[in-house]
Structures are given as structure tokens and as C-alpha cells.
S.K.: 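Right, I'll just put the structure down here and ask away after.
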Amino acid sequence: MVRVLHRLVLMVLVIWLAASINFLLPRMTDRDPIEERLAQALGDSGGSAIGIEEMVAEYQSKFGTDQPLWKQYISMMGDIAQFDLGVSINYFPDRVATHVMAALPWSIALLGTATLISFVIGTILGALTIWRRKSAWLARIVPLFMILAAIPFYLVGLVLVYVFSLSLGWFPPARGYGVGVNMDWSWTAIGNVIYHAILPAMSIVLAAIGIWALSMRGMMVTVQGEDYMNFARAKGLSNRRMFWRYAVRNAITPQITTLVLAFGTIVGGAILVERVFVYPGIGTLLYNSVLLVDYFLIFGCVFILILTVAVSLMILDLLYPLLDPRIRAGGEQHG
Amino acid sequence: MADAAPPAAPLEWGSSARFWRTILLYLGRNKSLAVGVVLLLGLASLVIGGYLFYDVKLAEPLSKMPARPPSADAWLGTDKHGRDLFAVLIVGTALTCKVGLLAGLIGVAVGTVLGFVGGFFRGWIDAAINLLTDVFLAVPPLLILVVIAANLGTSLSTTDMVFVIAALAWREPARRIRSQVLVMREAGYVNNARLNGTSSFGIIFKEMMPNLIPYLMVSFVLTVAAAVLAAVGLEALGLGPQNEPTLGMTVYWAMHYSASLLGMWWWVLTPVITLVVLFVGLYLITTGLDELANPRLRAKGA
Amino acid sequence: MHAVVSRGLTVKDLSIVFETDDGVVEAVRGISFDVQPGERLGFVGESGSGKTTTALSLMGMIDPPGRVVSGSAMLGDLDLLTLSPREHAARRLVDIAYIPQGAMNSLNPVMRVGEQVEDGMIDHGADLNKAARKARVAELLRQVDLDPSVARLFPHELSGGMKQRVAIAIAIALNPKLLIADEPTSALDVISQRQVMQTLRRVQDEMGASLILIGHDMGLMAQFADRIMVLRRGLLVEAGPVRQIFRAPQDAYTRELIDSVPALERRPATAPPVVREASKAAEPPVIALEGVSKTYKRGLFDRKGNQALKPLTFSMASGTPMIVSVVGQSGSGKSTLGSLLLGFIRPSEGRVLAQGRDMHGLSAAERRERYRTVQAVFQDPYAAYNPFYKVDHGLAEPLRNFGVATRRDDILAKMRSACELVGLDPDQTIHRFAHQLSGGQRQRLMVGRAMMLGPKLLVADEPVSMVDASLRSSILGNLRKMKDDLGVAIIYITHDLATAYEVSDYVLVLYRGRVVEAGDPERVIKEPQHPYTRLLVASIPWPDPDRHWHGDDAAEAELAALDGAGAPAPCLVRSTLPGFTLKV
């Protein structure tokens, strides 16, 4: 339980940190997002921007720019604590939350599936490289995946688009679903979504398999040196039991810790994959809001992504004791 | 078991001639380190050669006819703004490496100090540093960087970029060095050094530092790799310096104009392949160095 | 007994080599032996003697680069050495079972104990349904003196002795013909060691299996084995019935092994601790503990913590050379006491005074200066040297820091004489790296370093537990010499009663962080009174087959009663020592 509590405190600190940066930096650099947006909107539309005054009013009432800085800060923190992310500058008068929540399911589905697939394949491959040192196909394929792991997802994505979409025409190059497809829960729609998700998911899976394989390999080397593996062998246990119940079962626990640590990096990498495929998730939204200098939307995206990472990590923290009886029984294992 | 395997001898620091011979012999056995070094040396000589023998000013927009495929005139073609992509490759690689190296250097330096202070002196200062590291490690790094870079706006120079990246680059080295120092401060020779009347300063620099060198090397390469990754990521999101032709910025423009859809494969492949060579080279060097610093992996031959 | 009479194990002309980069190492060279059913054969030798390799070849567990080059090992009609890996795996547990070294880590940490006993049965096709298997597990656990409810526990919930019993239960599950026990008690303290070995002996008698015990402790062999084989560098040095080996050893090496076991009979003469320099007796004590205790807390949320050392008060007068032993098993708090004496850790309560001054009230410079008079020798002589430097670094540093010698040749001369003091050749020592010296050389040099610095107090924390038996007495001799010739007060921390008896003027027995018995070694170790000390002494395996290893059931019961009572056991002070004040 203390682990989860610890994680919770960390996450609150992280969000506070991100919010503070978002609050302080523009003020330190003397930039006014509203004015910038105003200038941009005027430039784009030739002066006929709709609702600019309302937006300015909302902005001023929200932050009370006439208020002292610390009051502005506290009121902003209060809003965040209530999950009030404010109003988008670009899509005014839409709330930031509306856009973020519309994009979030896409990202979670894509990223969750891709992470799960790569975790399973990578972990098994990593375990097998140590277990079957003589296997020729493993000796060839696993280093390949490990090298792929060094390459950012989005670069893999760029190559995949070029080969499988533009050259071979097997998969669509962009978007989350086909133009004109009705987004109900029909099989056609679901099939269409999956069809569109294959390439972006592939670019994450291809690059992430190696990450899991590499760390699992390391764990397996450690586990294989343990006395209990030697004793299991001296018991003449079946190869299958030694692999699954002794080796993998013990190596998987620290592998989960690696999953926790790598999660942030994977999420970060996935932002750009969405951008490559113009996938309707948080990554693309974030990219667009950067393009349009929409500070509130940028912060909203970052906030929700950190929150998602935090929730996933907390689920893992809750799962961890199930995997390791030493933590289940003995409470904390510090050190 | 205990009968057969002798303990792995520690690194030997003998005369310099033997040192270099040992390194060469070692490279022969440690293939991933050797290949990684060759890849990066190749890239480095391309860049240096380019600066010496090629007109790198062609990396600026409107230098040549835009959107041309590779030809005798522009070996790697040109982009839609009329940049010569071969010149971009040279300048961009140099810029990206500069950001990576400088941010990596700052990151390792700060991280080492934090890790050392925390691990060596323990107590409340360690708890504070540890919490700080944990907080920063819990964030997807790119997200915090996005917030910073977006708020700093589009006027970033590569030097600003170095500091933005370095703001997060210290985390991994701090953690790595701290855990190493924690192990090392319990070592018999550190206890003996205290009995020798050696000061804390002396223990840190004379006793512990020399034994940390392999870990520092690994940390440095890892941090540089992470810094390059972060820098290219930010640039590809359009958050990097706008007026310098970095590799990430090239990827950004290629995506922006959907270069693939336009059939301009050279525009996509030039930065992608260069980055792949850079990342794979760095990756191979870290795995190679890891094997060197971690005798357990060495002994198992894994 | 059985319808088919098994003739035990017969090994002929067994040779095993290891093909390494540096050439072929002959690990086992043409060894022949046999073990009859119900017999206990001891394999003795130091590491590298080939004893473990021989056992592994019987298990079919020699991995490349190792290779069996010749020989046969007949178990009944079966030649173990001709089996394929798969066939061999099928014979394990069924015909031949292994009881591993390192009780602590031999069980799968994420599996319940019961499952780990069961899975061997399942994989070897024992024709039992689930209920019958569970019943068999319960029966096996009872057989090794464990409660059947242990089956539901995880390994980390068991003590070391319990884990080793589980390992025995696993090994006997399918009634094998041959048991191989590879230093089964090396990770246990002497009390659990005796209890586990008694269980093993009983279980083997019940099964009528042959047993091979691998070990290096001649005491344990004398108490356990029927016959003994002495191995050295892959060769059979000597073999014979246990009494013959101990009474009339034929080979000098065997003799050496037997003599290396410290025995209570030999106690070399040493100067009685007297106040040497009356002028100095008035000075503050060399070291004084005032109600010092240490509590370790695990994490922020651990309010209570674990009190490793209960409040302790003693002092050692200045100018009175003496050796005081602190004897305790692991977890007794003896290492914590060592670190407190050296000022490496802060006491939770009380003060540690070195020459009248609180170790933790000093400035950084004063604390460094303190080590001019307080020195130590630690257990692991390899870790004591910084691998980055040659060994002279660790010797020259204190000379420079304490201003003992500043000029290069003065330092060199001091270092050379330090080597000579402990019988090392300076030219073969000073300019080498630690890994180029043997373990014994490293530890002797550490003792030489301490002698060279001439401290007033030396803390020797298990200085001989990692060196070969043959060097033990020479290092202990050096400690005595420091006391007698240099007038150093020494605190000798050890788990080993015999060396404490051999070397000390006064003994403190530490049990669960508290001194339970104190006095001169003749009384405390020869005629112990506290139940813990009695049990400890009775559990030592003596290198004499006729001295029965009976243990002390009465002491065991008394100790259990004391532990259960909740009130701390009273400390028995058997005698006093001039200059040493212990407050209880």
C-alpha cells in the first residue's frame, strides 16, 4: 500500500511541477498567449475572428491578470485540482477537456494494445534467447529487434508508411478511420478502425519488442545464476516447468518494474507516432496545439497524459504484490 | 561451480601501451562496441569531411531548385524549400550531436554530483535528492520538455535547446551513480580509507572515482543517446530552433508537407537513415560498455 | 529388506577435464570409490579439490567446457556416466538426489513450499492423485521435523534451518538410492547445523540410502561420516574408515586438515593481562561504551525498528594490553558492535568514547586523527584493497596522513618492515595488485598494516573466517604478538568459539543483541553456564569420531523457555579481568 501511496505523492508532485512550469515560463518570458493568438487569428482571417472579445474576457476573469501573481497561481492550481483545464484558445468556446477526452480513447486503445503485444512477444523472445542459446533463428532475429529498439517509434513509422502504404498500398497512410465511415459500434466501423491502427501499432510494436527482450534477457541471466535454478535442475524437473514456473516466473517480477520505468518513454514516443499517421489521439492534438500556440490545450494534453501514465503505473503497483509473495507478506522491501 | 570458475579479474590499469593493446584486443571480442564505434566514426568523418569539402551554406532555404530528386547536382536531392539535403545532413548531424553531447555532458556532470552527494552522505539530503529524481523520473520526459519548449516559443537557439534538454538529462545518471556509490561506500577499501585517516574528499576522489570511471562512461553515452532522442523528438514536433537545419526539423518539414505522399522519398529517407545510424551507433556502444562495466554479463558471455 | 538388492554406487577411474582458454584443467583425475546402501561417505577437500565436480558428474550436471573423459559410475545396473542428458534428468530424484549448498536461496522464492515438494513428484510421474500428493508432502515434512502447515508458506517465511529441511524433504520424496549432500549446512549457524545434520542422518537411516557428504569441515566429517575420502587437486589423497583417518592419517595433507580445526585442547601461552604502564593507567580508557545501543529502522514508516544491539556498557583501561573476544552467531549484533567501536555508524542511544572523547562529537579532522590510535582488520581481505591501485596504496596512505613517514624511502622502508613482520617477502608483495596475491597473503598484509601503525586499540572483525585453515593460527599468532609485544588492546569479533578460546583473555557471548555470559575463556567455553552458551558449545562438531555430538537438549529447552519468557536473559559474569570493566 505504501508503494501506491508513494506513487500517488509522486504523481501529484509531477502534475504540480508541470502546471507550475506552464504558469511561470510565459510570465517569465513576458509572453501573452492571448495577444499572440489574437495576432495570429487576425492574420489568418483578416480581422473577422469570432468571439475574440469573449475569449479575452474569459481569460481575464479566469486568471485575473490584475490580481497579484500568487493569487493567479493559487486560483490556477485550484482549477487543476478540480480537473478544470480551462478553455481552448483555438477552438473557443470549447473547453479543453472536451477535446482532450475525445482524443484520449484513441491513444489509450492504440498504445495499450501495442504495449501489451510488444511486452508479451519481447518478454518471451528475451527469455528464450537465454534458455535456448543454440537456436539459430533466435540468434538472428533477437539482435535485429534489439537494434530496432534503438530507433524512435516515429522514424520506424515513417519507413512503414513509405513501404506498406505508399509503395505497396496495403494499408492507409493516415487517420484513425476511413473518410465517410460511420463511427457506430458496427463490425464495419470496428474493422475499419483496426485496419487503420495496424501500421501505427506496428511501428510501436516493432521498436518496443527489443526493449522488453533486452531487459528480460538481463533478468534471465540473473535468474539462471540463482541457486534455485540449479536445485530445480538437480530435481530433474521438466524443461517446460523450469522455464515457465522457475525462470520466467522469477524474471518477470523485475520486468514489471522495467515496464513501470519505461512507460513514460513509450508514451512520449507514441505522441510522434500519432503525428506521423495523423492519428486522432492526444499526440496529434498536442501537435496541433503546439502549431496553433494554444497553451491551455498544450497543458491539457500534457496533464491528461501524465494522469494516464500515473493511473497505469498505479495499477501496476497494485499488481506487483500479486507477483511477488515477498512484498505481499512482508510489506515494504526497501532498498 | 565453485570449483571451476575463477572470479573475473578487475580491470587492470597498467602501463599505457598494455592498456591500448588490451583495448584493441577487447574490441575484437566485444563486437557490439566495435560496430558502434565504427558507425559513429563513419558518421563523424562524413560530417568533418563535409565541412571541409562541401558548401554547407547550401543547407539554407532557396539554395537550389526545390523538390528535386537526387542528381549529380544535389546528391541527396533538395526539399520543398530548396535546401540541399546533403548539406542538411552534414550541418544537421553536427547540430544534433552538439546538442546531444553538450546536454549529455551537463546531465552527467549534474547527475554525478547529485548521485554522489546523495549516495555518499545519505541522510536528509539523499532523501531530498532521491525524491527529486523520482519525481522527474516519473514523468514522460518529452512531455515536460514540450511544456518548457512550447512556453519558450519559437525563438529557441540550439544553445537554448541544450539547456532545455539538460534540464531532464541528469535524472538517469543521478540514479545510476547513486546506486553505484551506495554499493561502493560499503566496500572494504572505503572503510579502510577511513581508517587511513583519508578525508571524505579524498575518499570520493582518490578511492571511489577511479573505480567509477567505467560506470561514468556508460552513463555518458546513455545520456547523450537520451539527449539526442529528446532533441530530435522536440524538433520533429516543431518545437526546436526554427532557423537552423537540424535533423529533427527536417523530419518535421517532411511530415508537414507529407513528403511521402508527394513521392519525395529522399526527403524522408535522408534524415531518417542518418538518425538511424546515429541511434544504432550509440545503442551498440552502450551495450558494449555495459558489458565492460558489468562483469556479471561478461562472465556469463551473454 | 528389499527383493532386489541394490549394491550402492561403484565409481571406477573417473576423470573430468575443463577446457578453458588457458588450456585443459584436469579437475578430477582417475578417482575410484564405492558407497554401500545405508553408508555415509565424506568427500573432503578445499575448493578446487574436485569434490563438487565429482558429485556433479554423478548428477549429470557437468556443463561445457567441462567433460567427463573416462570412468564408470554404476548405481545398481545403471552406468550414470553413459546416460543422455534426458535420461539422466529422469533418474534424478528417483535414483539419485541432491541436497544443495546455500540453503538460503535454493528454493524458488515465488512458489509455495508444498508445490516445490510436489512438482518433482509430478515430473517424475509419481502415480498419485492430488489428495495423495498433498498427503505425501505432509508426511515428508513431518519426516524432516517440520509442521505440515509449512507447505503453505513461501520460502522467505522460513528460517535457514527450515529451508534446508525442506530441501531434504524434496530430495527424499521419491526414495532415491543415493543422496548427495553438498555442504548442506554451510549457510547455517552451528546450532541449526547440528539439528539439520541429525535430521539428515535419521532420514537416511530410515530410507537405507547411500549418502555422500561433501564438505571441508573435518569436525563435521568426524561426527557424520562412516568413511572419508580426502581429495586434493583432483586426486584421491587418502580414503578409509573415519576412525582410521582421524587416528592414523597416512598422508601429511590429511594430518594438516585435521590439525587445522581449532580445538579447545590447545591454548598457547600468552602474557596475562597486567597493567603495564602504571603511568598510563590513570589516562582515560582506550575505549568505553556508555549504554550504547543500535536500532535499525526499515523505511520511514517503521516506528519500532529492530534493535540489533541492546544497551551495552564496558570499558578497556589504557596501558593494559588484552584480547577480549565477542562471540556471536549471525544476527547477534556483533558486527554492529564492531562498526560502533570504529565510529562507522552512530549509536541510537549512548556514547562511544575513545580515550575519553565521544567519537561523534569530533570535528572531521579530529575524527580522522582518531584512527591513528584505533585500527581494524576486517573479514574480507580482498575487498580491503582498492582494485584501482597496487596494494602499497593502502599502506602508504595512513603513513602519509598520520605523518608517520613523509619521505618516499621512509614510507617504503616502513612498508617493507610491515611485510616482514607478518612473514611476507616485500619484493613479492608491495608492487602487486590485490588479485595477484593469495587470500592468506592479503589478510596477513592487512595485519601487517595494523602492526605498522601501532594503534592502542585494534578491532579484529572475523579476521580468519575467510582464510585457509593453515593460515589461521599464524594470523591469530600475529594478534597475540601485537598484544604481547606492542601492547595493543584487541577486540576480537568472531562466530567461532574455538578461535576465541585460543586467543583471548576474556570472552563476551552475544545473543540477540545482548551479552549473556562473560568471563575468562576457561570458564565460559569449557564450563558454560548460560543455556545459550551451553547449546553453542555442545553444537560444535569436534574433529574426534569418538566424542559424541550429542547436543544439549536441556539447554535447548531452557533457552526456549528464556526466549518465550519475554524478559531478557540475565548476563552471567563468570570472572573479571583487570582493566576490563563490564556493567550488566
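Note that the structure is predicted; figures quoted are calculated from it, not measured.
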S.K.: Would you say the side-chain atoms of N108(C) pair up with the backbone N or O of R245(A), donor to acceptor, closer than 3.5 Å?
M.R.: yes
S.K.: Rounded to the nearest 0.5 Å, how far does CG of D324(A) lie from NE2 of H156(C)?
M.R.: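 Between H156(C) NE2 and D324(A) CG, I get 8.0 Å after rounding to 0.5 Å.
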S.K.: Return yes when atom NE2 of H88(C) has more than 12 non-hydrogen atoms of other residues, nucleotides or ligands closer than 6.0 Å, and no otherwise.
M.R.: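 Counting other residues, nucleotides and ligands, NE2 of H88(C) exceeds 12 neighbours.
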S.K.: Before you tell me yes or no, could you show the steps for M111(C) and Y246(A) under side-chain contact (heavy atoms from CB on, under 4.5 Å), namely the whole-Å CA-CA distance, both residues' side-chain angles and the distance that decides it to 0.1 Å?
M.R.: CA-CA 8 Å; M111(C) 253 168 105; Y246(A) 282 74; 3.9 Å; yes
S.K.: Could you walk me through whether D63(C) and R233(A) pass the salt bridge (charged side-chain N to carboxylate O under 4.0 Å, His left out) test, one step at a time?
M.R.: CA-CA 12 Å; D63(C) 289 324; R233(A) 199 176 154 208; 2.9 Å; yes
S.K.: Take H124(C) and L237(A), measure what side-chain contact (heavy atoms from CB on, under 4.5 Å) needs, and give me the verdict at the end.
M.R.: CA-CA 8 Å; H124(C) 289 289; L237(A) 295 181; 5.6 Å; no
S.K.: Heavy-atom count check: over 12 atoms from other residues, nucleotides or ligands less than 6.0 Å from N129(C) CG?
M.R.: yes
S.K.: Counting C-beta onward and ignoring hydrogens, is there a side-chain heavy-atom pair between Q116(C) and F231(A) closer than 4.5 Å?
M.R.: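 Side-chain contact under 4.5 Å: no.
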S.K.: For each of P109(C), P155(C), A173(C), G120(C), tally heavy-atom pairs with chain A at distances under 4.5 Å, and name the one with the top tally.
M.R.: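 The candidate making the most pairs under 4.5 Å is P109(C).
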S.K.: Do K235(A) and D119(C) come within less than 4.5 Å of each other through their side chains, counting heavy atoms only?
M.R.: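 Heavy-atom side-chain distance check passes, below 4.5 Å.
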S.K.: Step through the shown structure and confirm whether more than 12 heavy atoms of other residues, nucleotides or ligands are within 6.0 Å of CG on L138(A).
M.R.: yes
S.K.: Is chain A contacted by the side chain of M61(C), its backbone, both, or neither, given a heavy-atom distance below 4.5 Å?
M.R.: both
S.K.: Looking only at atom types and distance, does a side-chain atom of D123(C) sit under 3.5 Å from a main-chain N or O of S238(A), one as donor and one as acceptor?
M.R.: yes
